[in-house]
Amino acid sequence: MAVHDYIKSGDFATEKHVPVIETVDTVKAGETFHVNLSVGKDIAHPNTVEHHIEWIKLYFVAEGTQLPFEVGEISFNVHGDGATANEGPVHAVSEGTLAVSLNKSGKLIAVSYCNIHGLWESEKEITVA
């Protein structure tokens, strides 16, 4: 089996692990825009030492190609760690924003990693005008 055989997908409204991609549908070539990525938008995902989202990666595949480019990664490094597990002084929230510029239309693909439930993905078409 290959890695892609282990990546799950679904609707973020009914599955708390699916990464959510929030951005515009159309952009101008070369113009910077923001892509907000999150996990647990409609159904909260746990954020504990035992069960948490470790990262979300954003990829871009240009129309008519099969080559994914890794645009960026947002890492979540603390989940209530401290003297007493889950009661530490800080928690990372599974959300972040990347600034992106495209020259071609294509597909944004987000992949998230849960330390218990593995890899999850979602995608969004984006048009460059």
Counting only pairs under 3.5 Å, give me each side-chain donor-acceptor contact of residues 58-75, with atom names and distances, residues two or more places apart or in other chains.
{"residue": "Thr65", "atom": "OG1", "partner": "Ala62", "partner atom": "O", "Å": "2.7"}
{"residue": "Glu73", "atom": "OE2", "partner": "Ser75", "partner atom": "OG", "Å": "3.0"}

Hey, can you pull the donor-acceptor pairs under 3.5 Å for the side chains in residues 20-29, sequence neighbours left out?
{"residue": "Glu22", "atom": "OE1", "partner": "Asn36", "partner atom": "ND2", "Å": "3.3"}
{"residue": "Glu22", "atom": "OE2", "partner": "Lys41", "partner atom": "NZ", "Å": "2.6"}
{"residue": "Thr23", "atom": "OG1", "partner": "His34", "partner atom": "O", "Å": "2.8"}
{"residue": "Asp25", "atom": "OD1", "partner": "Lys124", "partner atom": "NZ", "Å": "2.5"}

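In this structure, OG on Ser112 lies 12.0 Å from NZ on Lys57, to the nearest 0.5 angstrom. Note that SG of Cys114 and CH2 of Trp120 are 8.5 Å apart. Values are rounded to the nearest 0.5 Å.
Across Val128 and Lys104, no two heavy atoms sit closer than the pair CG2-O, 3.1 Å. In terms of heavy-atom proximity, Ala110 sits nearest to Pro19 at O-CG, 3.5 Å. Of all heavy-atom pairs spanning Glu95 and Phe76, the tightest one is N-CE2, 3.4 Å. Closest approach of Val90 and Val78 over heavy atoms only: O-CG2, 3.5 Å.
Within the 3.5 Å criterion, the main-chain N or O of Ser38 finds no donor-acceptor partner in the side chain of Ser94.
Side-chain contact of His52 with His45: a donor-acceptor pair under 3.5 Å is absent, judged by distance alone. A side-chain donor from one of Asn47 and His79 sits under 3.5 Å from a side-chain acceptor of the other. A donor-acceptor contact closer than 3.5 angstrom links the side chains of Asn86 and Glu50.
When hydrophobic clusters are built by joining Ile, Leu, Val, Met, Phe, Trp and Tyr residues whose side-chain heavy atoms come closer than 4.5 Å, directly or via intermediates, Ile109 is not grouped with Leu102.
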